[in-house]
Novice: 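This structure is in structure tokens; I'll ask about it shortly.
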Amino acid sequence: MIGSTVAHFRITGKLGEGGMGVVYRAEDLRLGRTVALKFLPPLVYAGLAQRERFLLEAKAASSLSHPAICTIFGIEEEEGKPFIVMECVEGETLRGKLLRGPAASPDVIDWCAQIAAGLASAHE
């Protein structure tokens, strides 16, 4: 998929993969900015009910605005497959930090405070 163009996005690299899909770094060819594209697995968008739920969840998430939460720019579709277009946040993942070994207490407290602030904002 790297090097291909999906809608008006040129995929330049893979950022991660998990149970909810694959996330790629891409260049928005219309706006000239770097974004992240999340492609969901077929099971998530296979049925009409799942597709509607996905769209509703993406709409709800797009209303959030907080430094600890990436911004959702939109939902696009290519060949009948929806994908989320979101802010590409640079930096090391929490998983990456934890895999390096034990962290200093002040760092852990800072990370937890940031996570808690994002969650609190989302639940408001």
Novice: Distance from Lys38 atom NZ to Leu15 atom CG, nearest 0.5 Å?
Specialist: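 Here the interatomic distance stands at 12.0 Å.
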Novice: Do the non-hydrogen side-chain atoms of Met1 and Val6 ever get within less than 4.5 Å of each other?
Specialist: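 Answer yes - side chains close enough.
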Novice: Do Val23 and Ile11 sit in the same hydrophobic cluster, where Ile, Leu, Val, Met, Phe, Trp and Tyr count as joined when their side-chain heavy atoms come under 4.5 Å apart?
Specialist: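 In one cluster with Val23: Ile11, no.
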Novice: Is there side-chain contact between Phe73 and Leu31, with heavy atoms separated by less than 4.5 Å?
Specialist: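 No. Closest side-chain heavy atoms not under 4.5 Å.
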Novice: I need the Arg25 CZ to Arg10 CZ distance, nearest 0.5 Å.
Specialist: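 So the gap between those two atoms works out to 13.5 Å.
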Novice: Report the distance from atom OH of Tyr24 to atom CZ of Phe9, rounding to the nearest 0.5 Å.
Specialist: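 The distance works out to 15.5 Å.
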Novice: With rounding to the nearest 0.5 Å, note down the distance linking CE in Met86 to CD1 in Ile75.
Specialist: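 The CD1 atom of Ile75 is 11.0 Å from CE of Met86, to the nearest 0.5 Å.
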Novice: At what distance, to the nearest 0.5 angstrom, does CD of Glu92 lie from CG of Leu98?
Specialist: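 CG of Leu98 is found 9.0 Å from CD of Glu92.
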Novice: Can you confirm whether Lys97 is buried at NZ, in the sense that more than 12 heavy atoms of other residues, nucleotides or ligands lie under 6.0 Å from that atom?
Specialist: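 Atom NZ in Lys97 is packed in, count exceeds 12.
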Novice: If you take all heavy atoms of Ala68 and Gly118, which pair is closest and at what distance?
Specialist: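 Looks like CB-CA, 3.9 Å.
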Novice: State plainly whether one hydrophobic cluster holds both Ile69 and Leu119, where clusters connect Ile, Leu, Val, Met, Phe, Trp and Tyr through side-chain heavy atoms under 4.5 angstrom apart.
Specialist: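 Per the 4.5 Å side-chain linkage, Ile69 and Leu119 are not co-clustered.
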Novice: Can Val108 be reached from Ile115 by stepping across I, L, V, M, F, W or Y side chains whose heavy atoms are under 4.5 Å apart?
Specialist: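 Yes, Ile115 connects to Val108 through the hydrophobic network.
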Novice: Output yes when a side-chain donor or acceptor of Glu87 lies under 3.5 Å from a complementary backbone atom of Cys70, and no otherwise.
Specialist: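 Side chain of Glu87 to backbone of Cys70: no pair is present.
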Novice: Looking at residues at least two apart in the chain, or sitting in another chain, which of them share a salt bridge (Lys or Arg N to Asp or Glu O under 4.0 Å) with Lys14?
Specialist: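 Glu17.
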Novice: Would you confirm whether Ser62, through its side chain, and Ile72, through its main-chain N or O, come within 3.5 Å as a donor-acceptor pair?
Specialist: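 Not confirmed, Ser62 side chain does not pair with Ile72 backbone.
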Novice: Side chains of Lys81 and Phe39, heavy atoms from C-beta outward: is any pair under 4.5 Å?
Specialist: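 No, their side chains stay 4.5 Å or more apart.
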Novice: Where is the tightest heavy-atom contact between Ser65 and Ser121, given as atom of each residue plus distance?
Specialist: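 Reported closest heavy-atom pair: O-OG, 4.3 Å.
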Novice: Which pair of non-hydrogen atoms, one from Ala36 and one from Cys88, has the smallest distance, and what is that distance?
Specialist: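 Of all heavy-atom pairs spanning Ala36 and Cys88, the closest is N-CB, 3.8 Å.
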